[in-house]
Amino acid sequence: MSKPNLNKLLQQKAELEARIQQTRNREAMEERKRDTRRKILAGAYVIKLADNDLKKLGRELIAAGMLEPRDYALFGVNNDSADFDSNRLSLD
């Protein structure tokens, strides 16, 4: 095999690898978008289950260990929320 043919094949290989990586990146980006959309819809459903009571939902998320202190203000709750409702949300 001559040098020009080898160089041409190596260049084609590099181009194909670049295209493969671009396709993988595009697919990963699309999956992240789908995942974000799922989370938005699931969150909207949970808020609806809480009758749009974000404070109640915030307390539930704290009790479940799913809410970080930096996010408490988003739900209007304090770090000292010791008065959790016994009226828990139900996904049944």
Side-chain angles (χ1 to χ4, degrees):
M1 188 178 277
S2 68
K3 279 279 192 191
N5 282 342
L6 179 59
N7 288 338
K8 183 178 178 183
L9 289 173
L10 289 172
Q11 181 182 357
Q12 288 175 342
K13 178 183 175 189
E15 290 170 359
L16 282 173
E17 287 174 348
R19 286 177 52 198
I20 289 169
Q21 190 59 46
Q22 287 173 343
T23 301
R24 285 182 177 153
N25 291 344
R26 187 172 35 255
E27 289 174 356
M29 185 177 67
E30 289 300 319
E31 179 53 33
R32 283 190 302 275
K33 285 181 183 179
R34 286 190 296 272
D35 187 51
T36 298
R37 181 74 178 147
R38 280 190 292 269
K39 289 174 183 176
I40 290 169
L41 292 171
Y45 178 70
V46 171
I47 290 171
K48 185 176 180 181
L49 284 177
D51 295 321
N52 290 318
D53 185 347
L54 294 179
K55 197 169 215 173
K56 176 181 178 182
L57 181 56
R59 290 190 301 263
E60 290 288 327
L61 291 170
I62 291 170
M66 297 180 68
L67 194 64
E68 295 183 22
R70 68 182 180 149
D71 297 323
Y72 287 2
L74 293 172
F75 293 89
V77 294
N78 302 352
N79 194 8
D80 59 345
S81 296
D83 59 334
F84 291 108
D85 290 342
S86 59
N87 185 12
R88 310 272 306 204
L89 292 178
S90 174
L91 296 177
D92 298 329

- Task: Of all the heavy-atom pairs spanning A50 and L57, show the shortest one and how long it is.
- Result: CB-CB, 4.2 Å

- Query: Quick check: are there more than 12 heavy atoms from other residues, nucleotides or ligands sitting under 6.0 Å from CE of M66?
  - Reply: no

- Euclidean distance, N5 CG relative to N7 CG, rounded to 0.5 Å: 9.0 Å

- Would you give the length of the straight line joining atom CG of L16 to atom CD of Q11, rounded to the nearest 0.5 angstrom? 11.0 Å

- Query: Does atom CZ of R34 have more than 12 heavy-atom neighbours, drawn from other residues, nucleotides or ligands, at distances under 6.0 Å?
  - Reply: yes

- Salt bridge check: are R38 and D35 linked by an N-O gap of less than 4.0 Å? yes

- Query: Do Q21 and N25 have side-chain N/O donor and acceptor atoms under 3.5 Å apart?
  - Reply: yes

- Message: So which atom in F75 and which in L67 form the shortest heavy-atom distance, rounded to 0.1 Å?
- Response: CE1-CD1, 3.6 Å

- Distance (rounded to the nearest 0.5 Å) between N78 CG and R59 CZ: 10.5 Å

- Task: Kindly write out the residues that satisfy side chain to side chain contact (heavy atoms under 4.5 Å, CB included) with L74, not counting sequence neighbours, or none if the list is empty.
- Result: D71

- Message: Could you check whether K33 pairs with E30 (Lys NZ or Arg NE/NH1/NH2 to Asp/Glu carboxylate O, under 4.0 Å)?
- Response: yes

- Atom pair CG (L6) and CG (L10), whose distance is rounded to the nearest 0.5 Å: 4.5 Å

